[in-house]
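For reference, the structure discussed in these notes is given below.
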Amino acid sequence: MEETISLKEIFEIIKKRLLLILAFILGAALIAAVVSYFFLTPTYEASSQFIVNQGQQDQNTQYNVNEAWSNTEIINTYNVIITSPAILDEVVEELELPYSSGTLAEKIQVGNAQDSQVVTVTATDESPEMAVQLANTTVSVFQENIPEILSVDNVTILSQAELSANPSPVAPNPLLNIAIAIVLGGMVGVGLAFLLE
(Lines give C-alpha, C1' and ligand atoms only; values in the text may rest on other atoms or scores of the structure.)
Protein backbone atom coordinates (compact mmCIF):
# COMPACT_ATOMS: atom_id res chain seq x y z
CA MET A 1 0.00 0.00 0.00
CA GLU A 2 2.85 2.38 0.89
CA GLU A 3 4.51 1.68 -2.47
CA THR A 4 1.34 2.76 -4.34
CA ILE A 5 1.14 5.98 -2.33
CA SER A 6 4.86 6.58 -2.91
CA LEU A 7 4.46 6.16 -6.66
CA LYS A 8 1.42 8.42 -6.63
CA GLU A 9 3.37 11.10 -4.79
CA ILE A 10 6.20 10.82 -7.29
CA PHE A 11 3.76 11.20 -10.17
CA GLU A 12 2.16 14.23 -8.50
CA ILE A 13 5.52 15.94 -7.97
CA ILE A 14 6.51 15.34 -11.61
CA LYS A 15 3.11 16.59 -12.78
CA LYS A 16 3.37 19.67 -10.57
CA ARG A 17 6.89 20.53 -11.78
CA LEU A 18 6.43 19.38 -15.40
CA LEU A 19 7.18 22.84 -16.83
CA LEU A 20 10.44 23.03 -14.87
CA ILE A 21 11.48 19.56 -16.10
CA LEU A 22 10.57 20.40 -19.71
CA ALA A 23 12.48 23.68 -19.46
CA PHE A 24 15.63 21.80 -18.40
CA ILE A 25 15.20 19.23 -21.19
CA LEU A 26 14.69 21.89 -23.88
CA GLY A 27 17.46 24.07 -22.51
CA ALA A 28 19.96 21.20 -22.46
CA ALA A 29 18.97 20.11 -25.98
CA LEU A 30 19.32 23.68 -27.28
CA ILE A 31 22.75 24.14 -25.67
CA ALA A 32 23.96 20.80 -27.08
CA ALA A 33 22.70 21.70 -30.57
CA VAL A 34 24.37 25.14 -30.52
CA VAL A 35 27.68 23.73 -29.25
CA SER A 36 27.64 20.80 -31.72
CA TYR A 37 26.78 22.85 -34.79
CA PHE A 38 28.60 26.13 -34.11
CA PHE A 39 31.47 25.58 -31.68
CA LEU A 40 32.83 22.06 -32.24
CA THR A 41 35.06 21.73 -35.29
CA PRO A 42 34.05 18.78 -37.49
CA THR A 43 36.71 16.12 -38.06
CA TYR A 44 37.04 13.72 -41.00
CA GLU A 45 38.56 10.27 -41.40
CA ALA A 46 40.33 8.60 -44.31
CA SER A 47 41.74 5.07 -44.41
CA SER A 48 44.43 3.39 -46.45
CA GLN A 49 45.23 -0.33 -46.31
CA PHE A 50 48.29 -2.47 -46.91
CA ILE A 51 48.83 -6.21 -46.75
CA VAL A 52 51.72 -8.10 -45.21
CA ASN A 53 52.33 -10.86 -47.74
CA GLN A 54 54.50 -13.93 -48.01
CA GLY A 55 56.68 -12.50 -50.72
CA GLN A 56 57.70 -14.63 -53.69
CA GLN A 57 57.22 -18.29 -53.04
CA ASP A 58 58.08 -21.29 -55.17
CA GLN A 59 54.96 -22.96 -56.54
CA ASN A 60 56.37 -26.40 -55.66
CA THR A 61 56.85 -25.35 -52.01
CA GLN A 62 53.94 -26.18 -49.71
CA TYR A 63 52.22 -23.35 -47.86
CA ASN A 64 53.84 -23.03 -44.44
CA VAL A 65 51.41 -22.24 -41.60
CA ASN A 66 54.28 -20.98 -39.42
CA GLU A 67 55.10 -18.32 -42.01
CA ALA A 68 51.50 -17.10 -41.93
CA TRP A 69 51.66 -16.90 -38.14
CA SER A 70 54.96 -15.00 -38.25
CA ASN A 71 53.46 -12.54 -40.76
CA THR A 72 50.48 -12.00 -38.47
CA GLU A 73 52.76 -11.46 -35.47
CA ILE A 74 55.02 -9.01 -37.28
CA ILE A 75 51.99 -6.80 -37.93
CA ASN A 76 52.11 -5.80 -34.24
CA THR A 77 55.65 -4.58 -34.81
CA TYR A 78 54.57 -2.74 -37.94
CA ASN A 79 51.78 -1.01 -36.00
CA VAL A 80 54.38 0.47 -33.64
CA ILE A 81 56.81 1.41 -36.44
CA ILE A 82 54.13 3.26 -38.44
CA THR A 83 53.47 5.72 -35.61
CA SER A 84 57.14 6.12 -34.72
CA PRO A 85 59.18 9.27 -35.51
CA ALA A 86 61.21 7.23 -38.04
CA ILE A 87 58.15 7.22 -40.34
CA LEU A 88 56.14 10.25 -39.20
CA ASP A 89 59.07 12.70 -39.31
CA GLU A 90 59.35 11.97 -43.02
CA VAL A 91 55.56 12.36 -43.47
CA VAL A 92 55.70 15.76 -41.71
CA GLU A 93 58.59 16.82 -43.97
CA GLU A 94 56.97 15.54 -47.18
CA LEU A 95 53.60 17.22 -46.51
CA GLU A 96 55.25 20.30 -44.93
CA LEU A 97 53.00 20.02 -41.89
CA PRO A 98 53.05 22.82 -39.29
CA TYR A 99 53.30 20.40 -36.36
CA SER A 100 55.59 17.67 -35.02
CA SER A 101 55.51 13.91 -35.55
CA GLY A 102 54.16 13.57 -31.99
CA THR A 103 51.10 15.62 -32.90
CA LEU A 104 50.72 13.66 -36.14
CA ALA A 105 50.83 10.37 -34.20
CA GLU A 106 47.68 11.46 -32.35
CA LYS A 107 45.91 11.79 -35.73
CA ILE A 108 46.92 8.31 -36.94
CA GLN A 109 45.32 5.02 -35.87
CA VAL A 110 46.60 1.63 -36.97
CA GLY A 111 44.68 -1.62 -36.69
CA ASN A 112 43.92 -4.94 -38.26
CA ALA A 113 41.22 -7.55 -37.92
CA GLN A 114 42.10 -10.57 -35.79
CA ASP A 115 44.36 -13.05 -37.64
CA SER A 116 44.30 -10.79 -40.70
CA GLN A 117 47.34 -9.71 -42.68
CA VAL A 118 45.55 -6.54 -43.84
CA VAL A 119 46.49 -3.43 -41.86
CA THR A 120 44.31 -0.31 -41.94
CA VAL A 121 45.86 3.11 -41.34
CA THR A 122 43.21 5.70 -40.46
CA ALA A 123 43.99 9.43 -40.38
CA THR A 124 41.76 12.03 -38.71
CA ASP A 125 41.87 15.73 -39.53
CA GLU A 126 39.68 18.82 -39.66
CA SER A 127 40.14 18.85 -43.45
CA PRO A 128 38.92 15.84 -45.48
CA GLU A 129 41.64 16.47 -48.09
CA MET A 130 44.37 16.48 -45.44
CA ALA A 131 43.00 13.29 -43.86
CA VAL A 132 43.33 11.55 -47.24
CA GLN A 133 46.87 12.89 -47.73
CA LEU A 134 47.94 11.85 -44.21
CA ALA A 135 46.67 8.28 -44.65
CA ASN A 136 48.17 7.75 -48.11
CA THR A 137 51.51 9.44 -47.37
CA THR A 138 51.97 7.54 -44.11
CA VAL A 139 51.42 4.18 -45.83
CA SER A 140 53.64 5.02 -48.81
CA VAL A 141 56.49 6.31 -46.58
CA PHE A 142 56.16 3.19 -44.44
CA GLN A 143 56.32 0.95 -47.52
CA GLU A 144 59.45 2.77 -48.75
CA ASN A 145 61.28 2.64 -45.41
CA ILE A 146 60.36 -0.78 -44.00
CA PRO A 147 62.96 -2.66 -46.12
CA GLU A 148 65.73 -0.57 -44.50
CA ILE A 149 64.29 -0.75 -40.98
CA LEU A 150 63.61 -4.52 -40.81
CA SER A 151 65.33 -5.85 -43.94
CA VAL A 152 62.03 -7.19 -45.28
CA ASP A 153 60.09 -6.44 -48.43
CA ASN A 154 56.66 -7.90 -47.76
CA VAL A 155 54.39 -4.83 -47.66
CA THR A 156 51.99 -4.17 -50.53
CA ILE A 157 49.49 -1.30 -50.64
CA LEU A 158 46.02 -2.79 -50.91
CA SER A 159 43.87 0.35 -51.19
CA GLN A 160 44.51 4.06 -50.94
CA ALA A 161 42.34 6.61 -49.19
CA GLU A 162 40.10 8.54 -51.57
CA LEU A 163 38.26 11.82 -51.16
CA SER A 164 34.53 11.32 -51.68
CA ALA A 165 32.41 13.90 -53.50
CA ASN A 166 30.54 14.84 -50.32
CA PRO A 167 32.62 13.87 -47.26
CA SER A 168 30.75 13.68 -43.96
CA PRO A 169 32.47 14.35 -40.63
CA VAL A 170 32.92 11.54 -38.11
CA ALA A 171 32.73 13.97 -35.20
CA PRO A 172 30.93 15.68 -33.62
CA ASN A 173 27.69 13.70 -33.77
CA PRO A 174 25.03 16.38 -33.12
CA LEU A 175 22.11 13.95 -32.79
CA LEU A 176 23.95 11.84 -30.21
CA ASN A 177 25.00 14.96 -28.30
CA ILE A 178 21.41 16.27 -28.26
CA ALA A 179 20.04 12.87 -27.14
CA ILE A 180 22.54 12.75 -24.25
CA ALA A 181 21.68 16.36 -23.32
CA ILE A 182 17.94 15.53 -23.28
CA VAL A 183 18.53 12.61 -20.89
CA LEU A 184 20.80 14.68 -18.63
CA GLY A 185 18.40 17.64 -18.74
CA GLY A 186 15.52 15.36 -17.76
CA MET A 187 17.51 13.89 -14.87
CA VAL A 188 18.54 17.32 -13.57
CA GLY A 189 14.98 18.64 -13.97
CA VAL A 190 13.41 15.70 -12.10
CA GLY A 191 16.12 15.88 -9.42
CA LEU A 192 15.54 19.60 -8.90
CA ALA A 193 11.75 19.08 -8.79
CA PHE A 194 12.13 16.59 -5.92
CA LEU A 195 14.67 18.85 -4.20
CA LEU A 196 12.23 21.76 -4.29
CA GLU A 197 9.48 19.57 -2.82
Open item on the list: Tell me whether Gln143 at atom CD has more than 12 heavy atoms from other residues, nucleotides or ligands lying less than 6.0 Å away.
Closed with: yes

Open item on the list: Please determine whether the number of non-hydrogen atoms from other residues, nucleotides or ligands lying under 6.0 Å from atom CD of Gln49 exceeds 12.
Closed with: yes

Open item on the list: Applying a strict under-4.5 Å side-chain criterion to I, L, V, M, F, W and Y, I'd like to know whether Leu184 and Ile14 cluster together.
Closed with: no

Open item on the list: Please say yes or no: joined through hydrophobic side-chain contacts below 4.5 Å, possibly via intermediate residues, are Leu195 and Phe24 part of one cluster?
Closed with: yes

TODO: Can you label the angle between the Tyr78 ring and the Phe50 ring as parallel, tilted or perpendicular, going by 30° and 60°?
DONE: tilted

- [ ] With side chain to side chain contact (heavy atoms under 4.5 Å, CB included) as the test, would you mind laying out the steps for Thr120 and Val110 before giving the verdict?
- [x] CA-CA 6 Å; Thr120 303; Val110 185; over 6 Å; no

- [ ] Mind listing the closest non-hydrogen atom pair of Ala33 and Ile178 along with its distance?
- [x] CB-CD1, 3.7 Å

TODO: Please check if the side chain of Asn112 supplies one atom and the backbone of Val118 the other of a donor-acceptor pair under 3.5 Å.
DONE: no

Open item on the list: Surrounding OH of Tyr99 (heavy atoms of other residues, nucleotides or ligands, distance under 6.0 Å), is the total greater than 12?
Closed with: yes

Task: Any Leu97 side-chain heavy atom under 4.5 Å of Met130 side chain - done: yes

- [ ] Identify the heavy atoms of Ala193 and Arg17 that sit nearest to each other, and give their distance.
- [x] CB-CB, 3.5 Å

- [ ] Identify the two heavy atoms, one from Asn136 and one from Ala161, that lie closest to each other, and give their separation to 0.1 Å.
- [x] OD1-N, 2.6 Å

Task: Spatial distance of atom CD1 (Ile149) from atom CD1 (Ile146) [nearest 0.5 Å] - done: 5.0 Å

Task: From CA spacing to verdict: side chain to side chain contact (heavy atoms under 4.5 Å, CB included), Leu150, Ile81 - done: CA-CA 10 Å; Leu150 286 180; Ile81 293 172; 3.8 Å; yes

Open item on the list: I need the minimum non-hydrogen distance between Ile82 and Ile87, along with the two atoms involved.
Closed with: O-CB, 3.6 Å

Open item on the list: Tell me if a side-chain donor or acceptor on Ser48 pairs with a main-chain N or O of Ser159 at a distance below 3.5 Å.
Closed with: yes

- [ ] Measure the shortest side-chain to side-chain distance between Val139 and Val119 over non-hydrogen atoms and say whether it is less than 4.5 angstrom.
- [x] no

Open item on the list: Can you tell me how far apart CG (Leu22) and CG (Leu18) are? Round to the nearest 0.5 Å.
Closed with: 4.5 Å

Task: Separation between CG of Leu196 and CD1 of Ile13, rounded to the nearest 0.5 Å - done: 10.5 Å

Task: Heavy-atom donor-acceptor pair, Ser140 side chain to Thr137 backbone, under 3.5 Å - done: yes

Open item on the list: Quick check: do Lys107 and Leu134 have side-chain heavy atoms less than 4.5 Å from each other?
Closed with: yes

Task: Common cluster, Leu95/Ile157, ILVMFWY with side-chain heavy-atom separation under 4.5 Å - done: yes

- [ ] Assess the side chains of Thr122 and Ser47: does a donor N or O sit below 3.5 Å from an acceptor N or O?
- [x] yes

Open item on the list: If you define the side chain from C-beta out and look only at heavy atoms, does anything of Ile10 sit under 4.5 Å from Phe194?
Closed with: yes

Open item on the list: Do Leu26 and Leu20 land in one hydrophobic cluster if side-chain heavy atoms of ILVMFWY residues count as linked below 4.5 Å?
Closed with: no

TODO: Taking atom types as modelled, find out whether Asn177 and Tyr37 have a side-chain donor-acceptor pair closer than 3.5 angstrom.
DONE: no

Task: Glu93 atom CD, neighbour heavy-atom count above 12 within 6.0 Å - done: no

- [ ] Determine the sole option in Val91, Ile108, Leu88 for which the side-chain contact (heavy atoms from CB on, under 4.5 Å) test with Ser101 is passed.
- [x] Leu88

- [ ] Locate the shortest heavy-atom distance separating Pro172 from Ser36; write the atom from each residue and the value.
- [x] CG-O, 3.6 Å

Task: Rounded distance [0.5 Å steps], CD1 in Ile25 versus CG in Leu30 - done: 13.5 Å

Open item on the list: What I'd like to find out is whether the side chain of Tyr44 reaches to under 4.5 Å of the side chain of Asp125, using heavy atoms alone.
Closed with: no

- [ ] Could you tell me which non-hydrogen atom of Ala135 sits nearest to which non-hydrogen atom of Ala123, and how far apart they are?
- [x] N-CB, 3.7 Å

Task: Same cluster (ILVMFWY, side-chain, under 4.5 Å), Ile75 and Val141 - done: yes

Open item on the list: Can you confirm whether Leu19 is buried at CG, in the sense that more than 12 heavy atoms of other residues, nucleotides or ligands lie under 6.0 Å from that atom?
Closed with: no

Open item on the list: How long is the straight-line distance from CD of Gln117 back to OG1 of Thr156, given to the nearest 0.5 Å?
Closed with: 10.5 Å

